[in-house]
Undergrad: 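Dropping the structure in here first, questions after.
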Amino acid sequence: MELINYNDTMTSLEIAELTGKEHNKILRDIRDEIEKLEKQGIRAETIFGLGEYLDKNNQSRPMYNLTKEGVLQLAARYDAVVRFKLIEKVTKGQQQLSPAQYLLQQAQWMVEAENRLNTVENGINDIQKEVVRLGHNQRREITSNHLTVIAYANMKGISPKTYHSSSIGRKATKICREKRLQTGTVVDSKYGLINTYPSEVLDEIFFG
């Protein structure tokens, strides 16, 4: 495990004081960053070190020690003024920089922050794409043996004059609910979304 050098860190308490935010809100934000990073396989403990402090009642409370990278990661979620304060704080101890060097350093920090955010966002996008893909697969499974009332009747050679599609649809919906079967939908150019039902349910209604 990579250890944090606590001589070169900033605590969540200091961040709360600097930004004017409540400490519990800072803790919440840090935990959210940790969760997002770890979901992408990034070792958050290398930049966010969990620690403790004693409050005014001499009770132990949680806090975090943040490396410069941890401060940068956290700063990326805040507005421009808060970001500036945090970046200024963690770079103050370094050797004196010219205005141009200081601006360049801040730009580099912001690029790194953006890259970290992109890593997390790309991971979220991948998850969303997988959810959509699974949804499409599920819909294909549903529609493979599901039919609209009219399509079923046409396939079976049932005359439109002998049934009322809306009534059949209501019956099919009720049976699907009772049997905990899934219904589906298809897009019709004339009527929009139309429900589809398992063929065995329609068999039961028409021939049962």
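The basis for the numbers below is simple: all heavy atoms, side chains too, and nothing from hydrogens, waters or symmetry mates. These figures come from a predicted structure and were not determined experimentally.
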Undergrad: Tell me, with the steps shown, if L66 and Q73 meet side chain to side chain contact (heavy atoms under 4.5 Å, CB included).
TA: CA-CA 9 Å; L66 289 72; Q73 177 72 29; over 6 Å; no
Undergrad: Could you pull out all residues at least two apart from D79 that satisfy salt bridge (charged side-chain N to carboxylate O under 4.0 Å, His left out)?
TA: none
Undergrad: Check the pair Y78 / K85 against side chain to side chain contact (heavy atoms under 4.5 Å, CB included), numbers first and verdict last.
TA: CA-CA 11 Å; Y78 298 137; K85 288 181 180 180; over 6 Å; no
Undergrad: T162 side chain to S159 main-chain N or O, any donor-acceptor pair under 3.5 Å?
TA: yes
Undergrad: Run the side chain to side chain contact (heavy atoms under 4.5 Å, CB included) check on V149 and F206 step by step: do they pass?
TA: CA-CA 10 Å; V149 173; F206 278 99; 4.2 Å; yes
Undergrad: Is the count of non-hydrogen atoms from other residues, nucleotides or ligands lying under 6.0 Å from I175 atom CD1 greater than 12?
TA: yes
Undergrad: Does the side chain of F207 come within less than 4.5 Å of I158's, by heavy atoms?
TA: yes
Undergrad: Can a donor-acceptor pair be found, under 3.5 Å and without considering hydrogens, that links the side chain of H146 to the backbone of T185?
TA: no
Undergrad: For the residue pair V71 and I47, establish whether any side-chain heavy-atom pair is separated by less than 4.5 Å.
TA: no
Undergrad: Can you list the residues that meet the side-chain contact (heavy atoms from CB on, under 4.5 Å) rule with A75, with sequence neighbours excluded?
TA: R83, L86
Undergrad: To the nearest 0.5 Å, tell me how far L74 CG sits from I30 CD1.
TA: 5.5 Å
Undergrad: With rounding to the nearest 0.5 angstrom, report the CZ to NZ distance, F84 to K89.
TA: 13.5 Å
Undergrad: Please say whether more than 12 non-hydrogen atoms of neighbouring residues, nucleotides or ligands are located less than 6.0 Å from CD in E17.
TA: no
Undergrad: Do any pairs count as a salt bridge (charged side-chain N to carboxylate O under 4.0 Å, His left out) and have a residue in residues 152-172, sequence neighbours left out, and if so which ones?
TA: none
Undergrad: Taking the hydrophobic residues Ile, Leu, Val, Met, Phe, Trp and Tyr, and joining any pair whose side-chain heavy atoms are under 4.5 Å apart, which ones share a cluster with Y53?
TA: L13, M63
Undergrad: Enter the distance from S199:OG to L147:CG here, rounded to the nearest 0.5 Å.
TA: 6.5 Å
Undergrad: Cut-off 3.5 Å, no hydrogens considered: what does the side-chain donor-acceptor table look like for residues 18-28, sequence neighbours left out?
TA:
residue, atom, partner, partner atom, Å
T19, OG1, I15, O, 2.7
T19, OG1, K21, N, 3.4
H23, NE2, S12, OG, 2.8

Undergrad: Step by step, work out the salt bridge (Lys or Arg N to Asp or Glu O under 4.0 Å) result for E33 and R77.
TA: CA-CA 9 Å; E33 292 297 318; R77 68 187 290 138; 2.7 Å; yes
Undergrad: Has E38 got a side-chain atom pairing as donor or acceptor with E35's backbone, closer than 3.5 angstrom?
TA: no
Undergrad: Under the side chain to side chain contact (heavy atoms under 4.5 Å, CB included) criterion, do I168 and Y197 qualify, and how do the steps go?
TA: CA-CA 10 Å; I168 297 295; Y197 309 96; over 6 Å; no
Undergrad: By the salt bridge (charged side-chain N to carboxylate O under 4.0 Å, His left out) test, which pairs, at least two apart or in different chains, include something from residues 192-208?
TA: K179-E204
Undergrad: How close do A172 and L202 get, heavy atom to heavy atom, and via which atoms?
TA: CB-CD2, 4.3 Å
Undergrad: Which heavy atom of V186 sits nearest to which heavy atom of T196, and what is that distance?
TA: CG1-CG2, 3.6 Å
